Chemist: 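Once you've had a glance at the structure underneath, I'll fire off some questions.
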Number of protein chains: 4
Amino acid sequence: MGRPPMKRDAIERAALELFVEKGVDGTSIRDIAERSGVTEGALYRHHKGKDDLVRALFFEHYEGFADLIGSLMGNNYPFNQLIRELVETLFTFHDKDPYIFDFIILVRHKLLDEVRKDGKNPVELLYRIMESAAANGEIPEQDTQLTTQLMIGMVMQTVVGHHFGRVKGPLRQHSQRIADCCLMVAGAGDFANAEVEE
Amino acid sequence: MGRPPMKRDAIERAALELFVEKGVDGTSIRDIAERSGVTEGALYRHHKGKDDLVRALFFEHYEGFADLIGSLMGNNYPFNQLIRELVETLFTFHDKDPYIFDFIILVRHKLLDEVRKDGKNPVELLYRIMESAAANGEIPEQDTQLTTQLMIGMVMQTVVGHHFGRVKGPLRQHSQRIADCCLMVAGAGDFANAEVEE
Amino acid sequence: MGRPPMKRDAIERAALELFVEKGVDGTSIRDIAERSGVTEGALYRHHKGKDDLVRALFFEHYEGFADLIGSLMGNNYPFNQLIRELVETLFTFHDKDPYIFDFIILVRHKLLDEVRKDGKNPVELLYRIMESAAANGEIPEQDTQLTTQLMIGMVMQTVVGHHFGRVKGPLRQHSQRIADCCLMVAGAGDFANAEVEE
Amino acid sequence: MGRPPMKRDAIERAALELFVEKGVDGTSIRDIAERSGVTEGALYRHHKGKDDLVRALFFEHYEGFADLIGSLMGNNYPFNQLIRELVETLFTFHDKDPYIFDFIILVRHKLLDEVRKDGKNPVELLYRIMESAAANGEIPEQDTQLTTQLMIGMVMQTVVGHHFGRVKGPLRQHSQRIADCCLMVAGAGDFANAEVEE
DNA sequence: AATGAATGAGATTTCATTCAT
DNA sequence: AATGAATGAAATCTCATTCAT
């Protein structure tokens, strides 16, 4: 049954790392082949080309974030706790593998246009969390789209700040502070007293 | 000293727009020449090359932000008012010409490494504002680097959200809300009662 | 001797069709494998490679034409009848499977150099028919090489005209007309009164 | 005003020759660049790519044939004379530059689909000549499409025969013989007595 | 000052063929 | 006998930059 495909993961991992380190356009197919210990042509068995590879990586991981959020939503936590868990989960994820986060941030300007609201969309999920919290009276009526962006902005910029050395250490240690800020911004009542696991 | 260099401006403007629309590497010298009504060779009269052009645009506008902040700092406003004016100024600037903001966001990953702390650096300036507010007791002791990033994150993600259609209308209308959030996050006391100009 | 090699036929047929439809170089081994329901590697069990496949197909069918002509020659028909039977046979063959004719026309420029005069060579056979008809006094002395080409030209171009939609219907219906033209061109006396079988 | 384009003709000529000598797919851009004394990139200033170059060459010369025929048609010769002049003109043209003829024959299978009946189309022009000769009573009623193909077939195969060494010498010396054949095939009455210039 | 043809170096991509399974 | 992942060598094409005009 032919050789088993051994190299696909190696290629995708090498690509992910190189894209973050040198930029997508700064990375050539040859670079990827070299780092993954494969010849250039091998890439084309698994992806139509470089664009396709970038796209595949983006959607794979972008939708992975949606899955992460989706599974947290399944727990029916109250809003405060959900946000706390969410921030913690994201930062823990980041600390385990910062490349994925950095990659998403790097390429989103090119690819976010192609994201569908009805697919696996982490931004849309967070927005729905906000909407239902507002409907439940857990947070006041507000421009939930805007607030969603503010929360995302704080989380993402923390990652960016870490990338450029302005924010130190594992991000997980900032989870509580940033979750607090998210709740504050959302107007989520007595957030300071919320019971924090950990 | 003779007539002003009209071509130079046309080239830089065309480049700025194209970079935002198609990405830096997706834009060729030919594209830029075409849109600015100049031939390829002529571009080299004003810039050493494409890299130089990108760099020049980035630093010109990045430092422009620093100048904006710097001149606000000269007024010796109290912290609350300074932040409010700052957010308002940035969003007004964005509404006048969103391309500049989008361009900065687009290329910062490539070029931020080259930014010096001691040069005209808007992030550094905001950080100093935070530091001195903390020294003055206007805000509590905190991880000011982190808070700086959170504030930047909220402002930048609002721009991104606008770019992708999640945040509507001129951003200026959100100034007060987002300034409030910045002050909240910074722990700037009774921010709600701050006197708002306008 | 065991079961017949079904795959080999499937491969050759798929190749023949694809070569005609997309050109030889426009057809990849993968294309052939796909259409014949075989994998790429399997093709190499039956042929040394793509070149070998093209060559094999060409000679198989080109020599097939020679066999067709050869068997007609065995009947010792008079010249007029031989030509009529020949044209009829060729067009009947075409109508049964136009791909073969089209394929020969397509690749002859590449491979005709390799054809040997002393092998199974339909052009050479027709030339010999002309030569012996001239020797017998069935046709006048003439540049038989040239006349041979003229006859071939009429037959082949009819096929080409059919391929591009200028000549309609099954070619067999034009057999008599074109045989007449061949005889005329060869100066074969009272060709119009020749007895036509059918 | 920039360098004058010196190399365009050299590129097209080199391409024409190489295509005939080694086949279109057997000729690489590098081959063309080498023979025309230019770097590979230069080709792309004048043509979008190899396909575009082949297409341009084909239509340029194919339409050139139409112009040749068109200008002969302007003389309002009687049918017999027109055909004689036509064959003579074509073969003279061939003898001056056999590459063009060979090239057309080589690539027509790929490109004839794209030829339009209402454009500059030599086949269509010859067909119209036949139609109007039939309307004038210069030739009998017949399947003019088919006869057109037969005449083309004789002319083209003569060229092919020359290419493969079966037909000797300058083709012009065969003009009269082949024009006679064309007239015979078309049923153009007392063709033998037609006055031949020369 | 300007032009745009040409360069030159490299990028992506294709694909016949091989070979571990 | 068959598979199809991987190779390796080329091919096409792109494009920032140079330079004759």
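By convention in this document, chain letters (A, B, ...) are assigned in the order of the sequence lines, proteins followed by strands, and residues within each chain are numbered from 1. Remember, predicted model here, so these are calculated numbers, not experimental data.
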Chemist: Quick one: Lys7(A) NZ to dG8(F) P, roughly how many Å, whole number?
Modeler: 12 Å
Chemist: Taking for each residue the nucleotide of DNA chain E with the nearest heavy atom, is it Arg30(D) or Gly26(C) whose nucleotide lies nearer the 5' end?
Modeler: Arg30(D)
Chemist: Between Asn121(A) (side chain) and Arg116(A) (backbone), is there a donor-acceptor pair under 3.5 Å?
Modeler: yes
Chemist: Could you check how far CG of Asp25(A) sits from C1' of dT12(E), rounded to whole Å?
Modeler: 13 Å
Chemist: Report the distance from atom CG of Leu43(C) to atom C1' of dA16(E), rounded to the nearest whole Å.
Modeler: 10 Å
Chemist: Taking Lys22(B) for its side chain and Glu17(B) for its backbone only, find out whether a donor-acceptor pair lies under 3.5 Å.
Modeler: no
Chemist: With sequence neighbours left out, what residues match Ser28(A) under side-chain contact (heavy atoms from CB on, under 4.5 Å)?
Modeler: Arg30(A), Asp31(A)
Chemist: Taking NE2 from His46(B) and C1' from dA16(F), how many angstroms apart are they, rounded to a whole number?
Modeler: 17 Å
Chemist: Please tell me if the side chains of Leu53(C) and Ile32(C) come closer than 4.5 Å, counting only heavy atoms from C-beta onward.
Modeler: yes
Chemist: Give, ordered by number, those residues of residues 31-38 of chain C having at least one heavy-atom distance below 4.0 Å to an atom of DNA chain F; if nothing qualifies, reply none.
Modeler: none
Chemist: Going by the rule salt bridge (Lys or Arg N to Asp or Glu O under 4.0 Å), which residues pair with Glu12(A) if we only count those two or more places apart in sequence or in a different chain?
Modeler: Arg8(A)
Chemist: Fill in the dot-bracket string of DNA chain F, one character per base: . for unpaired, | for a pair to another strand, ( ) or [ ] for pairs within the strand, taking Watson-Crick or G-U pairs under 3.5 Å.
Modeler: .||||||||||||||||||||
Chemist: Taking for each residue the nucleotide of DNA chain F with the nearest heavy atom, is it Ile29(D) or Gly41(A) whose nucleotide lies nearer the 5' end?
Modeler: Gly41(A)
Chemist: May I ask you to test the His163(A)-Leu106(A) pair for a side-chain heavy-atom distance under 4.5 Å?
Modeler: no
Chemist: With hydrogens left out and only the distance checked, is there a donor-acceptor pair under 3.5 Å joining Arg45(D)'s side chain and the base of dA5(E)?
Modeler: yes
Chemist: Please tell me if the side chains of Phe19(D) and Val107(D) come closer than 4.5 Å, counting only heavy atoms from C-beta onward.
Modeler: no
Chemist: Could you tell me how far apart Glu40(A) (CD) and dA11(F) (P) are, to the nearest whole angstrom?
Modeler: 15 Å
Chemist: Quick one: Tyr44(A) OH to dC15(E) P, roughly how many Å, whole number?
Modeler: 12 Å
Chemist: Between Asp9(D) (CG) and dA5(E) (P), how many Å, whole number?
Modeler: 14 Å
Chemist: Check whether Lys50(D) reaches the backbone of Thr27(D) with its side chain - one donor and one acceptor, N or O, closer than 3.5 Å.
Modeler: yes
Chemist: Would a distance-only check, ignoring hydrogens and angles, find a side-chain to backbone donor-acceptor pair under 3.5 Å from Lys7(C) to Arg45(C)?
Modeler: no
Chemist: Measuring only between side-chain heavy atoms, which start at C-beta, is His109(B) closer than 4.5 Å to Ile105(A)?
Modeler: yes
Chemist: With respect to Phe65(C), which candidate in Phe93(C), Phe58(C), Phe59(C), Phe103(C) satisfies the ring pair (Phe, Tyr, Trp, His ring centres under 6.0 Å) definition?
Modeler: Phe93(C)
Chemist: Hey, are Asp113(D) and Arg108(D) close enough for a salt bridge, meaning a charged N less than 4.0 Å from a carboxylate O?
Modeler: no
Chemist: Within residues 47-60 of chain A, which residues have any heavy atom lying less than 4.0 Å from an atom of DNA chain E?
Modeler: Gly49(A), Lys50(A)
Chemist: Does any non-hydrogen side-chain atom of Tyr99(C) lie less than 4.5 Å from one of Glu21(C)?
Modeler: yes
Chemist: Expected output is a numbered-order residue list: members of residues 13-20 of chain A with a heavy atom under 4.0 Å from any atom of DNA chain E. What is it?
Modeler: none
Chemist: Could you tell me the separation between the CZ atom of Arg8(A) and the P atom of dG4(F), rounded to a whole number of Å?
Modeler: 15 Å
Chemist: Side-chain contact test, heavy atoms from C-beta onward, threshold under 4.5 Å: evaluate it for Val54(A) versus Leu111(A) and give yes or no.
Modeler: yes
Chemist: May I ask you to say what Ser28(D) touches in the nucleic acid, namely base, sugar-phosphate or nothing, with a heavy-atom cut-off under 4.0 Å?
Modeler: sugar-phosphate
